[in-house]
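Please read the structure below before turning to the comments.
Source: prediction; values computed, not measured. All ligand and atom numbering here is 1-based and tracks the order in the structure.
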Amino acid sequence: MAVRFPENPILTKADIRPSRPDWVVECVLNPGVFRFEGKTWLLLRIAERPPQKDGMVSFPVMNGAGEFNVMEFQKSDIHLDLSDTRMVGYKGQSYLSTISHLRLVCSDDGVHFYEPTDFPTQIFGQGAYETFGIEDCRVSLIEGIYHLTYTQVSENGVGVGLMRTADWRQFQKEGMILPPHNKDCALFEEKIGDQYYCLHRPSGLGLGGNFIWMAASPDLLHWGRHQCILHTREGWWDSARVGAGAAPIKTPEGWLEIYHGADHHHRYCLGALLLDLNDPSKVLARSHHPLLEPAYDYELTGFFGNVIFTNGHVVKGDEITLYYGASDEVICGATLSVEAVLEQVLKDAGLAAPRS
Ligand code: MAN
């Protein structure tokens, strides 16, 4: 169904210079994707930390004034929990083991990427809600303006921030649009009726779960009319969490959304959803089998193995070029046919094939 780039992985930490000489890049992952000035651009997530010393764990945290402090613990400390490579737990408090910023790269062929010299290429977290970094940016082009929805991480929790830019030189920060705990926010690229729409993923503690929700807004800043549209499926590949990928793709059959699903072992795969064109809260069809699942070495092992995660693609005619983070460490690409994905997802739902 999905054809991986033969060049995979197309970007690794060896390709990216750290944001400061005394840190190392640990992961290059989960890019937002867009077309601009005839090129394909990726807004990479770069996860960094100081080089690790023997017997110690150290990671940066930013303060509200934008200065970095490095926190350091002895690995032998009984209060330390390092069971998940992404996290550092200490005395009931959770931190991230790396801090992420966003990095802009571009390409003429969609495979070989470089940092442009005539654009600001690094976007860092700012203020009290981004002290642990910013992550997993979706880029949606709405009425000629690029809208960046990204994960804001801090000790206050995990929420969704919005930034806008027309030219990739000047950015307007709009602050947090969806409060904790929330992430995986994908904006529809056009209004439906008189409202804008988004998919988002709040997380429930105890009751509820990691489900996909939809919300409406008159201005992309104020979101309401929240509806839960997709649950996890016990016993399936998407049993523990589901979350939207990039902006839904408009097709004659409905809005096609590529989403991630993870099981209770944190194995992340991609699947598809088809949403009603006029009422996108109606899920018409959903993949039975993943469109893409961890299979190659670079998808099975790495900083956090067994992960395929997407938040960006380019669509040209029938072809989706999907970019994804593999094992939370490297970036890969794959192509899919819109028609073939529609056919499969409709078949899974017992519905007729698309009219082509
Ligand atoms: C999180 C996501 C991603 C990450 C996956 C897998 O839920 O937000 O940042 O790629 O987990 O670790």
Side-chain angles (χ1 to χ4, degrees), residues 9 11-13 25-33 42-49 59 82-89 94-103 125 129-130 132-139 148-154 157-161 178 180-186 199-205 209-213 230 232 237-246 258-271 290 292-294 298-313 322-332:
L11 282 169
T12 72
K13 53 191 177 182
V25 173
E26 297 288 359
C27 319
V28 183
L29 69 165
N30 305 357
V33 184
L42 304 183
L43 194 52
L44 311 171
R45 170 177 163 198
I46 308 294
E48 300 174 300
R49 64 182 170 193
F59 56 91
L82 299 176
S83 55
D84 183 326
T85 50
R86 302 168 299 180
M87 313 283 294
V88 176
S94 295
Y95 303 93
L96 295 184
S97 58
T98 57
I99 193 163
S100 292
H101 68 275
L102 305 177
R103 184 84 61 98
Y129 302 115
E130 300 178 354
F132 293 179
I134 54 176
E135 306 179 348
D136 303 352
C137 189
R138 278 85 176 159
V139 180
L148 284 56
T149 49
Y150 59 96
T151 307
Q152 302 176 292
V153 195
S154 76
V158 175
V160 176
L178 296 167
H181 187 109
N182 208 320
K183 50 164 63 174
D184 300 328
C185 177
L199 301 172
H200 65 102
R201 216 290 297 284
S203 292
L205 292 173
N210 298 300
F211 305 150
I212 297 181
W213 287 63
L230 199 85
T232 47
W237 52 275
D238 51 3
S239 57
R241 50 189 65 234
V242 287
I258 297 180
Y259 75 100
H260 68 262
D263 65 14
H264 295 287
H265 302 288
H266 304 294
R267 180 173 182 267
Y268 281 70
C269 301
L270 304 182
L292 204 56
E293 59 189 318
Y298 50 84
E299 296 163 349
L300 296 168
T301 56
F303 189 79
F304 194 73
N306 252 328
V307 170
I308 288 186
F309 186 97
T310 191
N311 47 295
H313 56 230
L322 181 100
Y323 294 88
Y324 63 96
S327 290
D328 277 359
E329 187 171 322
V330 297
I331 287 178
C332 298

Give the residue and atom name of whichever protein heavy atom lies nearest to atom 7 (O) of ligand 1, and the separation in Å to one decimal. Tyr268 OH, 3.1 Å
Considering only non-hydrogen protein atoms, determine which one is nearest to atom 4 (C) of ligand 1 and report residue, atom name and distance to 0.1 Å. Asp328 OD1, 3.5 Å
Side chains of Asp136 and Asn311: is there a donor and an acceptor less than 3.5 Å apart? no
Polar side chain donor-acceptor pair, Asp238 to Thr232, under 3.5 angstrom: no
Atoms in ligand 1 with a heavy atom of [X] nearer than 4.0 Å:
X: Arg45; answer: 9 (O)
X: Asp136; answer: 2 (C), 3 (C), 8 (O), 9 (O)
X: Lys183; answer: 1 (C), 2 (C), 7 (O), 8 (O)
X: Phe304; answer: 12 (O)
X: Arg86; answer: 5 (C), 6 (C), 11 (O), 12 (O)

Worked check of side chain to side chain donor-acceptor pair (under 3.5 Å) between Asp263 and Ser239: CA-CA 5 Å; Asp263 65 14; Ser239 57; 5.6 Å; no
Would you call His266 a ligand 1 contact, heavy-atom distance under 4.0 Å? no
Name the residue from Leu29, Thr85, Val28 that meets the side-chain contact (heavy atoms from CB on, under 4.5 Å) definition with Asp328. Leu29
Just jot down the side chain to side chain contact (heavy atoms under 4.5 Å, CB included) partners of Glu26, sequence neighbours excluded, or say none. Lys13, Val24, Arg49, Thr98, Phe303
The side chain to side chain contact (heavy atoms under 4.5 Å, CB included) partners of Leu82 (sequence neighbours excluded) come to Val57, Lys75, Leu80, Val88
Hey, what do you get for CD1 (Ile331) to OG1 (Thr310), rounding to the nearest 0.5 Å? 10.0 Å
For ligand 1, is there an N or O atom under 3.5 Å from any N or O atom of Glu135? no
For Asn30, which part has a heavy atom under 4.0 Å from ligand 1: side chain, backbone, both, or neither? side chain
